[in-house]
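Model, not experiment: these values are computed from the prediction. Numbered from 1 within each chain, the chains take letters A, B, ... in sequence-line order.
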Number of protein chains: 2
Amino acid sequence: MSARQVTLAEVAKQAGVSLATASRVLNGSTRQVSGDLSDRVLRTAEELGYVPNASAQALARNSSSLVGLVVHDITDPYFSCIAAGVTRVAEEAGLVVVLGTTGRRPEREAELLSTLRAHRARAVVLAGSRTTDRAAQARLAAEIDAFTEQGGRVACVSQAKLGTDTVVPGNRAGGRALARALAELGHKRFAVLGGPPELVVARDRLAGFKAGLADAGIAPPVVIGGAFTRDGGYEAALELLAAKTRATCVFAVTDVMAMGAMAALRERGVRVPEDMAIAGFDDIPTLRDTVPALSTVRLPLEEMGEIAAGLVLDTGRDEARTVRVAGEVVLRASTGQN
Amino acid sequence: MSARQVTLAEVAKQAGVSLATASRVLNGSTRQVSGDLSDRVLRTAEELGYVPNASAQALARNSSSLVGLVVHDITDPYFSCIAAGVTRVAEEAGLVVVLGTTGRRPEREAELLSTLRAHRARAVVLAGSRTTDRAAQARLAAEIDAFTEQGGRVACVSQAKLGTDTVVPGNRAGGRALARALAELGHKRFAVLGGPPELVVARDRLAGFKAGLADAGIAPPVVIGGAFTRDGGYEAALELLAAKTRATCVFAVTDVMAMGAMAALRERGVRVPEDMAIAGFDDIPTLRDTVPALSTVRLPLEEMGEIAAGLVLDTGRDEARTVRVAGEVVLRASTGQN
DNA sequence: GCGTGGCGGGAAAGCGCTTTCCAGCGCTCC
DNA sequence: GGAGCGCTGGAAAGCGCTTTCCCGCCACGC
């Protein structure tokens with residue numbers, strides 16, 4: 001089988017030109033090639049079905065056309081939206097995105113970065129959330145350094161790391177605005193499903209929310225931890241109900257968690273929003289269509305992916321930049337009065 | 001900046017061995033190396049922070065560690081679930097997955113395959129649905145041939161292509177079983193939101209559904225086309241309502257479409273399931289938690305991704321294999337009586 | 001007329017790795 | 001005791017491409 005792949009050398013020979021000329025014609029260069037030869041090369045390349053060997057190009061140029069994308073779980077709409085943004089931009093730039101998933105294990109992030117470095121990826125977007133796990137962070141920082149020293153760029157979504165481009169959503173501000181909006185709806189007693197305490201994103205949203213409550217002169221919420229997933233929200237909501245707090249409104253730091261929480265409430269016969277109002281964060285598309293529609297803080301997820309990819313592919317500037325994107329409170333049926 | 005990357009040659013020199021020996025130690029080979037030298041190489045590699053250059057390896061070995069994955073839209077839960085399965089298997093095998101998105105343009109599939117070929121990807125999973133567009137199919141078939149001739153393997157999810165491994169969900173059988181189950185619930189008049197007529201997946205599900213209705217001695221359904229997306233389902237549902245059929249139960253050929261349809265029904269004040277029952281296909285995770293929960297045909301999406309990746313990475317067998325996975329009817333609240 | 005410079009073309013030196021081939025060495029086996 | 005073998009280590013030839021360097025050619029200016 002395996003018809004040997006057509007090489008540049010074959011094209012060159014067939015077209016009766018040198019390797020150098022063929023390369024210049026087919027893969028761009030500053031040098032000019034006469035129209036005559038150029039045509040001939042183009043034609044034979046076409047005829048032979050020549051496709052350049054990307055590995056060889058990468059080796060010779062010492063830079064590949066790969067862009068890395070690291071997420072925790074591609075199944076999570078938060079990440080898949082960001083992924084959509086990143087891939088769109090990358091593909092427009094003629095690059096190819098390699099997808100790495102961590103399964104929420106922080107140490108995988110560094111491993112993946114190392115792999116990406118081996119592949120000489122020219123850039124990486126890190127969409128996973130930052131943890132406070134010291135060892136993992138140190139290892140990650142070292143990998144990031146190694147990666148950038150090798151000439152690659154790194155952008156983080158929602159986790160400011162020194163020396164990298166960053167897209168920072170207004171987690172704190174969003175949480176705060178949401179708290180105020182909910183307070184205005186008349187709620188007095190709040191609970192928060194706070195996710196894992198070591199996740200910075202979760203902490204920021206929680207901190208913002210608390211600040212917002214304080215602004216409104218409302219007592220601090222009951223906070224219940226849990227995993228950053230639908231099931232985490234489900235469990236946390238059950239725990240909340242078991243705790244018999246008098247909260248009338250619960251804030252899940254993530255839409256996905258809110259989804260699980262709503263399922264738990266429903267199972268327990270707690271009506272939303274009559275018995276318990278609920279709000280999330282992110283505004284993932286699927287939850288706009290649910291009943292009741294979820295109140296949340298909207299983040300332009302796809303756009304954030306696009307921005308991150310844009311930052312990381314913009315070879316012009318060299319210093320790290322930070323782009324802030326604001327969250328927008330969106331009140332829907334899940335908090336009533338709407 | 002850019003501290004030059006550590007090369008094998010540097011490691012070898014530092015460790016006082018030849019390039020060949022260093023390569024054998026670090027990157028596996030059939031050949032043995034004495035424990036003494038081996039240790040020395042391993043140690044210096046560690047010290048220097050050596051990471052093999054994947055492009056160079058790919059070039060020298062004429063085979064890379066890339067696995068392609070082509071989907072229409074990574075944001076669609078159907079695809080993101082499959083993607084999760086594929087990446088899991090690939091990462092376990094020490095491979096890296098390259099994600100390509102077509103944006104539902106059939107011609108992109110061939111383009112991406114060509115790119116993947118340039119990168120010498122060792123395998124590709126095509127998760128996009130097959131269309132009946134002749135030109136696109138021909139181009140795609142040619143690219144698949146080129147890819148396999150070059151030594152790569154191709155697997156398709158849910159679209160049987162000659163000469164490739166395939167994971168085939170029971171679209172027809174699932175549609176049929178669903179129709180029968182719905183008939184048993186007492187429905188007599190059905191509508192189908194059939195998606196784009198040129199998509200084979202959509203056609204199969206529809207055909208199966210019709211067959212199931214026929215089995216139950218029920219008149220053929222009203223069929224309304226539309227896009228294979230949430231918005232497509234939304235529009236199609238509006239059209240259905242405008243058509244003033246007397247259908248009491250509507251089958252959306254995709255859960256995602258069903259989601260849009262439910263939103264449309266809700267907006268128009270049509271209660272589900274009291275006024276109109278609805279069922280989907282795929283069983284995407286998010287819709288298990290909605291109100292009402294969606295009746296559907298469950299497909300093991302992640303598993304399908306895993307199977308596809310498994311097929312394509314199993315270098316043992318050479319002929320194309322087909323794995324069928326059955327859909328399982330799951331009746332939930334959206335069809336009432338439950 | 002000849003030096004100059006610009007320009008298009010080709011030869012060849014890598015890029016970092018794998019792998020073949022060969023050399024040397026210590027064994028076993030007659 | 002020597003032929004033959006198996007085993008380990010190293011030299012070197014690629015893998016397919018980019019890019020530097022050089023060469024020959026032509027147009028130009030003095």
Side-chain angles (χ1 to χ4, degrees), chain A residues 2-42 44-45 48-66 117-122 150-151, chain B residues 2-42 44-45 48-66 117-122 150-151:
Chain A
S2 245
R4 298 249 354 93
Q5 186 56 25
V6 181
T7 73
L8 226 212
E10 286 165 36
V11 174
K13 189 168 158 207
Q14 186 89 309
V17 302
S18 78
L19 208 52
T21 303
S23 170
R24 294 199 260 254
V25 171
L26 291 172
N27 302 310
S29 116
T30 49
R31 293 274 305 260
Q32 286 274 1
V33 175
S34 75
D36 179 28
L37 291 192
S38 182
D39 281 355
R40 230 157 65 212
V41 171
L42 251 16
T44 48
L48 268 43
Y50 170 73
V51 175
N53 182 322
S55 304
Q57 288 187 313
L59 182 57
R61 292 183 179 147
N62 190 29
S63 107
S64 76
S65 54
L66 265 35
R117 180 154 63 99
H119 285 273
R120 300 297 185 272
R122 77 166 56 175
Q150 190 195 289
Chain B
S2 245
R4 297 251 348 97
Q5 184 58 23
V6 182
T7 73
L8 226 210
E10 286 166 39
V11 174
K13 190 169 158 204
Q14 185 90 309
V17 302
S18 77
L19 207 52
T21 303
S23 170
R24 295 200 259 253
V25 171
L26 291 172
N27 301 311
S29 113
T30 50
R31 295 273 307 258
Q32 284 278 356
V33 175
S34 77
D36 179 29
L37 291 192
S38 181
D39 282 355
R40 230 159 62 213
V41 171
L42 251 15
T44 49
L48 268 42
Y50 170 72
V51 175
N53 182 323
S55 304
Q57 287 188 314
L59 182 56
R61 293 183 177 145
N62 190 30
S63 109
S64 77
S65 55
L66 265 35
R117 181 153 64 99
H119 285 273
R120 300 300 185 270
R122 78 165 57 176
Q150 190 193 288

Between [N] ([atom2]) and [X] ([atom1]): distance, integer Å:
X	N	atom1	atom2	answer
A/Arg61	D/dC15	CZ	P	20 Å
A/Leu37	C/dG10	CG	C1'	11 Å
B/Leu8	C/dT19	CG	P	12 Å
B/Leu19	D/dA13	CG	C1'	12 Å
B/Lys13	D/dA11	NZ	P	14 Å
A/Arg120	D/dT18	CZ	P	18 Å
B/Asn62	C/dT18	CG	P	14 Å
B/Leu59	D/dT18	CG	C1'	12 Å

May I ask you to verify if any side-chain N or O of [X] is less than 4.0 angstrom from the OP1 or OP2 atom of [N]?
X	N	value
B/Ser34	D/dT8	no
B/Asn53	C/dC15	no
B/Ser23	C/dT18	yes
B/Gln57	C/dG16	no
B/Ser18	D/dG9	no

Query raised in the report: Do B/Arg24 and D/dG10 share a donor-acceptor pair, side chain to base, under 3.5 Å?
Result: yes
Query raised in the report: B/Ala20 or B/Ala56: which one's nearest nucleotide on DNA chain D is closer to the 5' end?
Result: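 Taking each residue's closest nucleotide, the earlier one in sequence belongs to B/Ala20.
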Query raised in the report: Where the side chain of A/Ala60 is defined as all heavy atoms beyond and including C-beta, which of D/dG10, C/dG16, C/dG14 is the nearest nucleotide?
Result: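 For the A/Ala60 side chain, the nearest candidate turns out to be C/dG14.
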Report task. Output yes when a side-chain donor or acceptor of A/Arg120 lies under 3.5 Å from a complementary backbone atom of A/Ser63, and no otherwise. Result -> no
Nearest-0.5 Å distance, [atom1] of residue [X] to [atom2] of residue [Y]:
X	Y	atom1	atom2	result
A/Leu19	A/Arg24	CG	CZ	10.0 Å
B/Arg40	B/Leu42	CZ	CG	12.5 Å
B/Thr21	B/Leu26	OG1	CG	10.5 Å
A/Asn62	A/Gln150	CG	CD	7.5 Å

